[in-house]
There are 2 protein chains.
Amino acid sequence: MQKLTLKKIAQELEVSISTVSKALRDSPEISDDTRQKIKAFAKLYNYKPNNIALSLKNRKTKTIGVIIPEIVHYFFTTVISGIEKVANERGYNVIIGVSNESFTKEVINMEMLANGSIDGFILSVTKETQLKKDYHHLKETINQGMPIVMFDREVKDLECDKVVVDDVQGARKAVLHLIELGCKNIGIITTRDHVSVGNLRTVGYMNALALKGISLNENYILKLDDELDNDENIEQLQQEVSNYLQENPELDGLLSVNEKFALMAMKLAPVFGKAVPEQLKVIGFTDGVLSKYANPGLTTVSQHGRDLGEQAARILIDRLEEDEFEVPYERLVVETELIERGSTA
Amino acid sequence: MQKLTLKKIAQELEVSISTVSKALRDSPEISDDTRQKIKAFAKLYNYKPNNIALSLKNRKTKTIGVIIPEIVHYFFTTVISGIEKVANERGYNVIIGVSNESFTKEVINMEMLANGSIDGFILSVTKETQLKKDYHHLKETINQGMPIVMFDREVKDLECDKVVVDDVQGARKAVLHLIELGCKNIGIITTRDHVSVGNLRTVGYMNALALKGISLNENYILKLDDELDNDENIEQLQQEVSNYLQENPELDGLLSVNEKFALMAMKLAPVFGKAVPEQLKVIGFTDGVLSKYANPGLTTVSQHGRDLGEQAARILIDRLEEDEFEVPYERLVVETELIERGSTA
DNA sequence: TTGTAGGCGTTATCAA
DNA sequence: TTGATAACGCCTACAA
């Protein structure tokens with residue numbers, strides 16, 4: 001019951017290996033007679049060529065490596081689902097590596113895959129990588145001729161294809177919407193790190209205020225420690241959000257750079273006499289399950305993760321299958337969309 | 001800048017390929033002199049053996065294939081994260097295939113991977129597969145000598161390793177807890193399909209009632225269509241939940257076989273004059289983000305997905321690396337745990 | 001101590 | 001029309 005190979009078929013049918021190979025690939029060199037015989041046999045015993053041997057021969061594996069910082073994470077899974085879709089349509093497999101927001105794991109994961117296992121990468125770097133600004137592993141990979149498509153977390157000084165979210169604009173749209181709805185004192189809950197998307201969203205927030213001639217109140221900006229953004233530290237974060245709401249009773253609009261912080265605020269607001277959306281309108285980022293099933297539903301900025309994933313896969317595979325060299329690198333911006341729900345009704 | 005191979009090193013250093021190979025693997029056959037020289041060169045130019053060539057030679061790829069019905073799904077991602085962890089620790093890569101609850105995609109995905117790309121599978125079958133009871137692709141894979149570890153959705157009549165959740169017991173524990181809290185009229189929101197875990201959880205619900213001598217009221221069982229469990233059909237489902245709550249005003253306890261239905265019920269209960277948890281106590285399944293960030297927090301039955309994934313990977317890799325043949329198949333039951341939160345306070 | 005040869009499974013080129 | 005051979009990159013038993 002072992003896997004069938006060309007060799008075994010050849011032995012069984014008493015022909016040469018190359019005859020079998022040619023017959024199966026419908027080469028005109030082979031006579032109808034033997035072709036039929038061989039194909040029948042192969043079909044009967046369900047012959048399938050060995051992928052590894054093909055990979056070695058063709059020097060391409062038809063699989064793409066995806067490295068993400070986290071897997072239990074709505075946005076990243078939507079991106080993967082987009083990648084999977086396009087990859088499968090075009091005959092590619094997807095290997096997933098999880099870096100767990102660790103620079104070292106990112107490097108190890110890439111090294112594991114870069115030695116022949118895959119044809120190209122789609123990846124989002126860890127926050128640690130962004131902080132260290134150490135991109136040698138990425139540069140080396142690119143130099144060895146393995147294409148990389150980066151997504152979401154942008155690394156400016158790296159020459160490769162990129163698919164990014166317009167975080168600044170997304171946040172700006174959200175805040176402008178709050179202003180339109182009549183909010184006068186709009187706050188933001190963001191992350192402390194100074195490198196990642198949280199930062200861009202904060203910029204968008206400031207943009208919108210500036211656009212409308214509203215002066216920035218530093219007290220309205222709550223920076224939560226990113227390290228704490230995991231399920232063990234919910235209580236500590238809630239405490240910080242509580243303090244924030246208490247100290248800024250005049251807040252009537254709030255942008256959060258993710259869903260979790262938004263839900264915390266929605267949960268705590270009534271404690272401080274604020275009903276959502278009547279006295280406090282809230283908008284979050286991500287548009288995941290939390291937003292859809294929250295009570296009231298959370299208005300969010302959708303990043304269209306699935307589209308993003310599809311685009312990233314398309315760009316990578318196009319490049320892999322492009323025989324003209326020197327196709328210029330692409331930087332694709334995925335538009336955000338404001339999904340309105342009860343939290344801003 | 002192309003990838004370095006043994007051949008190129010050999011040419012460069014004017015020795016034979018096998019000398020290079022041996023030197024790099026610290027064979028005592030090679031003199032210190034040449035060994036050092038070769039190793040220095042390899043290090044300098046960052047030589048790494050080609051995985052594909054190794055796979056072909058060793059007839060093992062050191063990668064495991066994971067097929068899941070959905071990727072944008074909390075439970076499955078926790079399982080993957082467990083698999084990833086153990087796999088990486090033991091030097092394995094993980095290829096992910098998403099079947100999207102489609103039998104055909106499951107088969108295609110498996111075929112893509114079964115031809116040499118991986119050493120073994122960890123998979124959870126689609127609902128469609130369970131319904132059709134068509135397991136030929138699984139049986140063939142096993143017959144070809146490729147081990148499979150199935151998880152979560154159990155297929156009784158298939159001989160292979162399994163890691164399952166004790167859904168019956170989980171549901172029973174939950175309902176018993178509600179009874180202890182004083183609930184007299186306990187309902188359940190479950191799925192219509194008759195094959196999947198929803199069914200087992202319903203059995204657990206009935207178990208608990210029987211155990212306590214409470215007679216079963218069919219009206220208390222709401223079966224929602226599984227097909228509708230996606231974000232497009234939220235409204236329709238909500239309508240059904242509304243009707244259910246309205247028609248059973250005496251309900252004071254509720255078990256839901258997932259988080260989403262539980263949150264819908266929690267959102268709608270106040271509409272029918274029921275405060276949660278005062279007049280209606282709710283318990284869900286999954287213990288994902290929804291439970292943690294709901295308001296009030298949702299008490300849930302945790303399935304310990306990460307543990308499950310770790311165990312599945314351990315079992316598979318142990319089997320792959322076992323040289324004694326005929327290790328008996330294992331069926332491991334992961335215990336559930338009731339996580340208490342505000343919805344049953 | 002070093003090199004040669006064969007094989008993992010496949011395909012392509014060339015010879016018979 | 002069919003078959004032998006070489007190659008993809010690596011490893012290893014055996015020969016020199």
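Side chains included, hydrogens not; waters and symmetry mates left out as well; all remaining heavy atoms used. Proteins come first, then strands; the chains are lettered A, B, ... in the order of their sequence lines, and each starts at number 1.
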* **N/O (side chain, A/Y47) to phosphate O (OP1/OP2, C/dT10) under 4.0 Å** => yes
* Does the side-chain contact (heavy atoms from CB on, under 4.5 Å) test come out yes or no for B/L123 and B/L138, once each step is laid out? -> CA-CA 10 Å; B/L123 68 84; B/L138 303 170; 3.8 Å; yes
* Mind telling me whether A/F76 and A/H73 have parallel, tilted or perpendicular rings, with 30° and 60° as the class edges? => tilted
* Just checking A/L56: base, sugar-phosphate only, or nothing, at a heavy-atom cut-off of under 4.0 Å? -> base
* B/R319 side chain to B/V327 main-chain N or O, any donor-acceptor pair under 3.5 Å? -> yes
* Asked: What is the distance, rounded to the nearest whole Å, between atom CD of A/Q11 and atom C1' of C/dG9?
  -> 13 Å
* If you look at every strand shown and take non-hydrogen atoms under 4.0 Å, does B/L6 touch a base, only sugar-phosphate, or nothing? -> sugar-phosphate
* Return no unless some side-chain N or O of A/R59 is found under 4.0 Å from OP1 or OP2 of D/dG9. => yes
Could you go through nucleotides 1-3 of chain C and list every protein N or O atom that sits under 3.5 Å from one of its N or O atoms, giving the distance for each pair?
unit_1 : atom_1 : unit_2 : atom_2 : d
C/dT2  : OP2    : B/S31  : N      : 3.0
C/dT2  : OP2    : B/S31  : OG     : 3.1
C/dT2  : OP2    : B/T34  : OG1    : 2.7
C/dT2  : O4     : B/E29  : OE1    : 3.1
C/dG3  : OP2    : B/S16  : N      : 2.9
C/dG3  : OP2    : B/S16  : OG     : 3.3
C/dG3  : OP2    : B/T19  : OG1    : 2.5
C/dG3  : N7     : B/S18  : OG     : 3.2
C/dG3  : O6     : B/K22  : NZ     : 2.2

* Structure fact -> Of the candidates D/dC11, D/dG9, C/dT10, the side chain of B/N50 sits closest to D/dG9
* To do: Write down the distance between NZ (B/K3) and C1' (D/dC10), rounded to a whole number of angstrom.
  => 14 Å
* **Pair B/I96-A/E84, side-chain contact (heavy atoms from CB on, under 4.5 Å): steps then yes or no** => CA-CA 9 Å; B/I96 306 259; A/E84 269 278 342; 4.2 Å; yes
Under 3.5 Å, side-chain donor or acceptor atoms of residues 107-114 of chain A against the rest of the protein: list the pairs with distances, not counting sequence neighbours.
unit_1 : atom_1 : unit_2 : atom_2 : d
A/N109 : ND2    : A/V98  : O      : 3.1
A/N109 : ND2    : A/K105 : O      : 3.2

* Round to a whole Å and report the spacing from NZ of A/K60 to P of C/dT11. => 14 Å
* Asked: Contact class for B/S21 (heavy atom, under 4.0 Å): base, sugar-phosphate, or nothing?
  -> base
* How long is the line joining NZ of A/K57 and C1' of D/dA6, in whole Å? -> 9 Å
* Whole angstrom is fine here: how far is it from CG in B/L4 over to C1' in D/dC10? => 13 Å
* Structure fact -> Taken to the nearest whole Å, CG/B/N58 to C1'/D/dG9 is 12 Å
* **D/dC10 phosphate, OP1 or OP2, under 4.0 Å from B/R25 side-chain N/O** => no
* Calculate the interatomic distance between A/I38 atom CD1 and C/dT11 atom P; express it in whole Å. => 13 Å
* Considering only NZ, NE, NH1 and NH2 on the basic side and carboxylate oxygens on the acidic side, decide whether A/K133 and A/D157 come within less than 4.0 Å. => no
* In whole angstrom, what separates B/D26's CG from D/dC11's P? -> 13 Å
* Between B/K7 and A/D33, who's closer to the 5' end of DNA chain D by nearest nucleotide? -> A/D33
* Give a yes or no on whether the backbone of A/K3 and the side-chain of B/Q144 come within a donor-acceptor separation of less than 3.5 Å. => no
